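Starting off with a structure, shown below.
From a predicted model like this one, the values you see are computed outputs, not experimental measurements. The sequence lines fix the lettering, A, B, ..., with proteins before strands; numbering per chain opens at 1.
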Number of protein chains: 2
Amino acid sequence: MDFRHLKSFITVAEELNIGRAAKRLCISQPPLTRQIQQLEEDVGASLLIRTARGVELTEAGRVFLGEARNILSLARLAVERSHKAALGKLGRIDVGIFGSGIFGTIPKMLLAYRQACPEVNVVLHSMNKGEQVEALRQRRINVGFNRLLAYEPDIVSEVITMEGLYLALYESHPLVATGDIHWRELAGQPLVMFPSSTRPNFIDRAIELCKLEGFEPVIAQEVGDAVYAIALVASGFGLCIVPESATNLRLPGVRYRRLVRDPLPMVDLSCIYRRDDDSAILQSFLDVGRTFRAE
Amino acid sequence: MDFRHLKSFITVAEELNIGRAAKRLCISQPPLTRQIQQLEEDVGASLLIRTARGVELTEAGRVFLGEARNILSLARLAVERSHKAALGKLGRIDVGIFGSGIFGTIPKMLLAYRQACPEVNVVLHSMNKGEQVEALRQRRINVGFNRLLAYEPDIVSEVITMEGLYLALYESHPLVATGDIHWRELAGQPLVMFPSSTRPNFIDRAIELCKLEGFEPVIAQEVGDAVYAIALVASGFGLCIVPESATNLRLPGVRYRRLVRDPLPMVDLSCIYRRDDDSAILQSFLDVGRTFRAE
DNA sequence: CATGAGTCATGCAAAATTTGCATGACTCGA
DNA sequence: TCGAGTCATGCAAATTTTGCATGACTCATG
C-alpha cells in the first residue's frame with residue numbers, strides 16, 4: 001500500500017469509472033486497474049463492485065475512502081508542519097526570565113513573538129542570571145533574559161535594549177518635588193537595593209556610580225526582587241534605583257523620577273543563548289528580539 | 001513520498017544510524033540513504049543532521065517523526081476498519097420497527113446484535129408494515145420487523161419467531177378466574193383491536209379465527225398501536241387479543257391469559273429486507289436474528 | 001600525529017516494479 | 001443482433017529501486 005494507491009483509489013471513487021479516473025490521473029487505464037487490484041489485495045477486502053457502466057463502492061470501499069482522505073490530508077499536514085518547524089514557526093521554546101522582567105520590554109517582545117509564531121509554545125521559567133546560564137548549558141531553556149552578564153565563552157549575549165535608571169520614592173519624600181534627579185542627590189539617602197544575584201549585578205553598578213560621585217551609598221535593605229524593593233519604598237523604607245521598565249509597576253504611594261548624571265546612567269536588557277545553538281526556533285525568537293533593538 | 005519512506009525514516013530516527021536501520025529493514029545502506037534524501041527533498045526540509053557517529057534529528061525531523069507515526073497507525077487502522085466493514089462489523093444499519101415491537105424478542109435481538117457488532121450504529125425508525133416496504137425500496141432502511149407480510153417479489157421475509165396469542169383482560173373480568181381461555185369464549189365479548197395497518201393485518205387474522213369458531217367478533221374499538229389498545233383494556237373498554245411479546249407491557253389492572261384452540265393460534269414475527277441486498281452488514285444482522293429463530 | 005574503524009554519500013549495473021499498448025471478456029441498451 | 005462502453009490481462013518497454021564497490025569525512029586511539 002502506497003500513497004499512489006490511495007490517490008488512485010480516491011480518484012476512482014470520485015469518478016466511479018476506472019477509465020475516466022485514469023484520464024484524470026494522466027495514466028492509462030490498465031495500470032490503474034492493477035493498482036486498485038493491488039490495493040484490494042493489500043487491504044484484504046473488495047473495495048469496488050465492477051459493473052457494466054463502471055464501478056460502485058462496497059461498504060469496505062466507502063470506509064476506506066474516508067480513511068484514505070484522512071491519511072492524505074494528514075500527510076499534507078505533516079509536510080507543512082515539518083516545514084514550519086524548519087522555519088522555527090512550530091514547536092516549543094523555554095525562556096528564562098528574571099523576577100522583574102515581566103514589566104516593560106520583555107512582555108511586549110513575547111507578545112510580538114506570539115503573533116509572529118503563534119504555533120510556538122513559549123514556556124517561561126523564572127530564574128536569575130546564574131540559574132539561566134546553568135539552565136542554558138543543561139538545555140532546560142533555549143534563551144534567557146537578564147542584565148550585566150559577565151562574559152561566558154559558550155554563551156552569546158545580545159543587547160535587546162538599553163534602559164535609563166529611575167529613582168522610586170514614596171510620595172511624601174522632598175525629592176518628589178523636583179523633576180529629574182541628579183545621581184549625587186542620592187548621597188545620604190537610605191536605599192533599598194536589588195537583586196543580590198550573580199555578580200556583576202545591578203547593586204554593584206549602583207555602588208560604582210555612587211563612588212564616581214564621591215560618596216558611599218547608605219543601603220537600608222537588600223532584597224531579591226524589584227517588586228519587593230518597590231513595595232518597601234511604598235511603605236517608606238527608603239528609595240530605590242530601578243531600571244526604566246520597572247516603573248511600569250505602579251504601587252500606591254510610589255513615584256518615579258529619572259536619575260541623571262553625565263554620562264546618563266543606563267543598564268542593558270540582554271538576551272542570552274548557547275553559542276552552538278543554531279536551531280530555527282531560537283533564530284525566529286532572536287529575529288523578533290532584534291526588531292526591538294532597532295527601535 | 002510514500003509509506004516505505006515513512007517506515008524507513010521512523011527506523012532511522014529510532015536507530016539514529018542509517019547503517020543499523022538498513023540492517024533492521026533488511027536492505028543495504030545506500031538505498032536507505034537515498035530514500036531519506038528523497039524524503040527530505042519531498043518534504044522540503046532537512047530532517048537529519050549527519051554526524052560522524054550517525055545522524056541526529058532536526059526539529060523538522062522530530063515533528064515529521066511524530067506525524068509519520070500517526071500516518072502509519074492511521075493506515076493500519078484504515079485496513080482494519082475496511083476489513084471490519086467488509087465483515088459487516090462496522091457501519092450503520094437502519095431498522096424499521098412497528099410501535100409495539102419494542103416489547104419482547106426484538107429488543108433482545110438488538111441487544112445481542114450490539115454485543116456481536118458493537119461498532120455498527122443501529123438506528124431505529126418507527127414505521128408500520130407498509131411504510132417499511134416503501135422505506136426498504138427507497139433504501140431508507142436496511143431491514144424491517146413486522147407480522148403477516150403479504151408476498152412482495154423484491155422483498156424477502158424471514159420468520160424470526162412464532163408467538164402464541166394472549167387475551168388482555170381488566171382484572172375484574174369473570175374470565176380472569178380461568179387459566180387458558182378457549183377462543184370460542186371471545187364470542188360476544190367487546191374487543192379492542194389493533195393495528196389497522198396494511199392488510200393482511202392482525203385484525204384480519206383475529207376475525208378469521210372468530211369465524212372459524214362460528215361467531216362474528218364484537219369490535220368495541222380499533223386503535224393503531226398495542227400500547228393504546230392495552231391502555232383501553234385497563235380502563236374497562238373491553239378485551240384485546242395480543243401477541244405474546246405484548247404481555248411484557250404491564251399496566252395496572254390488566255391481566256393476560258393464553259388463548260387456545262386447535263391448532264394453537266399463532267402469529268409470526270418476521271424480519272424483511274430487499275432481495276437484492278447482499279451487504280455484509282445486513283448479513284451480520286440476519287445472522288444474529290437467525291440464532292433467535294433456532295431457539 | 002598517523003592510523004583505523006566507523007559514518008554517510010555516490011557512480012553504476014542488475015533487479016524489480018510500473019507503465020502503455022493491444023486485446024479479451026463481458027454487460028447493456030438501441 | 002450489434003455496437004459502444006466497461007474492466008481485465010498478456011507482454012514488452014520504461015522507470016524506479018536495489019546492491020556492490022568505493023569515496024569522503026570524522027573522531028577516538030595508540
**Message:** Taking the ring of B:Phe64 and the ring of B:Phe9, is the distance between their centroids below 6.0 Å?
**Reply:** yes

Do any N or O atoms of the protein come closer than 3.5 Å to N or O atoms of nucleotides 6-10 of chain D, and which pairs are they?
unit_1, atom_1, unit_2, atom_2, d
D:dT6, OP1, A:Asn17, ND2, 2.9
D:dT6, O4', A:Ala52, O, 3.2
D:dC7, OP1, A:Ile18, N, 2.6
D:dC7, OP2, A:Gly19, N, 3.2
D:dA8, OP1, A:Arg50, NE, 2.7
D:dA8, N7, A:Gln29, NE2, 2.9
D:dA8, N6, A:Gln29, OE1, 3.0
D:dT9, OP2, A:Gln37, NE2, 3.2
D:dG10, N7, A:Arg34, NH2, 2.9
D:dG10, O6, A:Arg34, NH2, 3.3

**Prompt:** What residues, two or more places apart in sequence or in another chain, satisfy side-chain hydrogen bond (donor to acceptor under 3.5 Å, both in side chains) together with B:Arg81?
**Reply:** A:Glu67

**Item:** Gap between atoms CD1 and C1', on B:Ile27 and D:dT16 respectively (whole Å)
**Value:** 14 Å

**Asked** Reckon B:Gln38 has a side-chain N or O less than 4.0 Å from the OP1 or OP2 of D:dT16?
**Response** no

**Complete:** Heavy atoms of B:Leu25 and B:Ser8 approach each other most closely as CD1-CA, 3.8 Å

**Asked** To the nearest Å, how far apart are A:Lys23 NZ and D:dG5 C1'?
**Response** 11 Å

**Message:** Less than 4.0 angstrom between a side-chain N/O of B:Gln35 and OP1 or OP2 of D:dT18, yes or no?
**Reply:** yes

**Item:** For B:Phe285, all residues meeting ring-ring contact (aromatic ring centres under 6.0 Å, His included), sequence neighbours excluded
**Value:** B:Tyr113

**Item:** Residues B:Arg92, B:Asp94: salt bridge by 4.0 Å N-O rule
**Value:** yes

**Prompt:** Closer than 4.0 Å, any side-chain N/O of A:Arg4 to the OP1 or OP2 of D:dT15?
**Reply:** no

**Prompt:** Is the shortest side-chain N to carboxylate O distance from A:Asp154 to A:Arg137 below 4.0 Å?
**Reply:** yes

